[in-house]
Structures are given as structure tokens and as C-alpha cells.
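Structure record follows, encoded as C-alpha cells.
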Amino acid sequence: MSRLTATPAGVSLGPLALVPDNSARNFVLELRAGRFHGFVVRKGDVVHGYVDICAHMALPLAQQLDDYLTPDASLIQCSWHGALYRIEDGVCVGGPCVGARLQPWPVKLEDGMIVTA
């Protein structure tokens with residue numbers, strides 16, 4: 001089964017409450033074409049989604065489930081090599097890949113549900 005880097009629009013991931021404020025949650029979707037690994041970061045009523053692949057090395061960002069953010073929840077952090085990414089746009093601002101960017105996973109809120117866009 002191949003690892004996908006995109007999902008179709010309109011897939012319901014669950015209610016906003018599934019991702020506590022100022023935290024992130026991993027999502028794995030089994031699709032006909034393969035398996036997709038992504039994560040959603042919540043800041044208030046805003047959600048940001050990214051494909052779960054570090055821009056520095058093609059590894060998942062978290063070594064522990066849902067552990068994507070720095071302790072103060074201000075940045076996304078790769079647990080392998082310490083790359084730091086802005087939550088709002090996925091741009092690397094510290095570590096081994098400054099200027100690179102995480103691959104966005106389009107998600108949105110729709111009637112209180114997190115949905116792929």
C-alpha cells in the first residue's frame with residue numbers, strides 16, 4: 001500500500017472537540033489508493049492541517065502519538081532533528097531546514113466538524 005500525500009475534499013475527520021485547543025492530533029486515512037498520514041493543529045476555532053512528513057527528512061514529525069508541538073504550543077516541532085515550523089503556514093523557522101515548508105493538508109471547519117477541503 002502506498003503512502004499518499006493528499007486526500008479528497010469533503011472527508012469528515014470529526015468534531016472540533018476531537019482536537020483540544022492549542023494542541024495537535026494525528027489522522028490516518030485508509031483510502032482505496034493507499035494510506036494518508038496527516039495532522040491537524042487547533043488554535044481556538046482555527047485549524048491547520050499538514051501532511052505528516054518533515055521537510056528536512058522524509059520522516060513523520062512525531063515519535064509519540066499527537067506530539068507535534070513545542071511545550072508552549074507556539075510551533076510545530078520535529079521530534080527527530082528539532083526542526084521548528086510556524087503553525088499558520090508550515091514554514092521552517094529553526095533547525096536544519098530553515099526556509100523549507102511542510103506540505104499543507106487543506107482542512108476547514110464546517111458546522112463544528114473538521115473536514116478536508
Side-chain angles (χ1 to χ4, degrees):
M1 182 173 282
S2 63
R3 188 163 180 153
L4 304 175
T5 58
T7 60
V11 176
S12 179
L13 302 174
L16 179 62
L18 199 59
V19 182
D21 195 14
N22 292 311
S23 69
R25 182 175 179 128
N26 171 274
F27 290 89
V28 178
L29 303 177
E30 296 281 342
L31 302 169
R32 217 174 289 157
R35 183 177 293 151
F36 172 84
H37 294 259
F39 65 98
V40 171
V41 180
R42 177 181 173 191
K43 289 290 187 180
D45 289 336
V46 178
V47 290
H48 304 275
Y50 294 99
V51 176
D52 192 4
I53 299 174
C54 181
H56 169 234
M57 295 185 77
L59 296 169
L61 289 153
Q63 292 184 49
Q64 295 182 352
L65 188 62
D66 301 334
D67 189 23
Y68 292 97
L69 302 180
T70 56
D72 67 357
S74 65
L75 295 166
I76 298 166
Q77 180 174 16
C78 176
S79 63
W80 297 98
H81 299 104
L84 298 169
Y85 302 91
R86 288 191 303 240
I87 292 169
E88 46 293 335
D89 60 10
V91 172
C92 183
V93 294
C97 57
V98 172
R101 129 182 352 242
L102 295 174
Q103 183 175 342
W105 177 31
V107 295
K108 63 182 179 179
L109 278 180
E110 194 171 272
D111 298 323
M113 299 293 284
I114 303 169
V115 179
T116 59

Is the count of non-hydrogen atoms from other residues, nucleotides or ligands lying under 6.0 Å from Gln63 atom CD greater than 12?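 Check passes, neighbour count above 12.
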
Minimum heavy-atom distance [X]-[Y], with the two atoms named:
X: Val19; Y: Val40; value: CG1-O, 4.0 Å
X: Pro71; Y: Gln77; value: CD-OE1, 4.4 Å
X: Ala33; Y: Ser2; value: O-OG, 3.1 Å
X: Ala9; Y: Ala117; value: CB-C, 3.5 Å

In the structure I gave you, are the side-chain heavy atoms of [X] and [Y] within less than 4.5 Å of one another anywhere?
X: Phe27; Y: Arg25; answer: yes
X: Phe36; Y: Val11; answer: no
X: Ile76; Y: Leu102; answer: yes
X: Leu18; Y: Leu13; answer: no
X: Met113; Y: Val115; answer: yes
X: Leu109; Y: Ile114; answer: yes
X: His37; Y: Val28; answer: yes
X: Glu30; Y: Arg35; answer: yes

Pairs flagged by ring-ring contact (aromatic ring centres under 6.0 Å, His included) wherever residues 58-84 is involved - sequence neighbours left out: Phe39-Tyr68, His56-His81

Taking only residues two or more places apart in sequence or in another chain, which ones pass side chain to side chain contact (heavy atoms under 4.5 Å, CB included) with [X]?
X: Arg101; value: Asp89, Val91
X: Ile53; value: Thr5, Val51, Ala58
X: Ala73; value: Asn22, Lys43, Leu69

Identified side-chain contact (heavy atoms from CB on, under 4.5 Å) partner of Leu75 from the options Val41, Val93, Ile87: Val93

Name all pairs fulfilling the salt bridge (Lys or Arg N to Asp or Glu O under 4.0 Å) condition that reach into residues 49-72, sequence neighbours left out, sorted by first residue then second. none

Kindly state each residue pair satisfying side chain to side chain donor-acceptor pair (under 3.5 Å) with at least one member in residues 108-117, sequence neighbours excluded. Lys108-Glu110

Transitively linked via ILVMFWY side-chain contacts under 4.5 Å: Leu31 with Tyr50?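 Shared cluster, no.
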
Donor-acceptor pair, side chain of Tyr85 and main chain of Cys78, under 3.5 angstrom: no

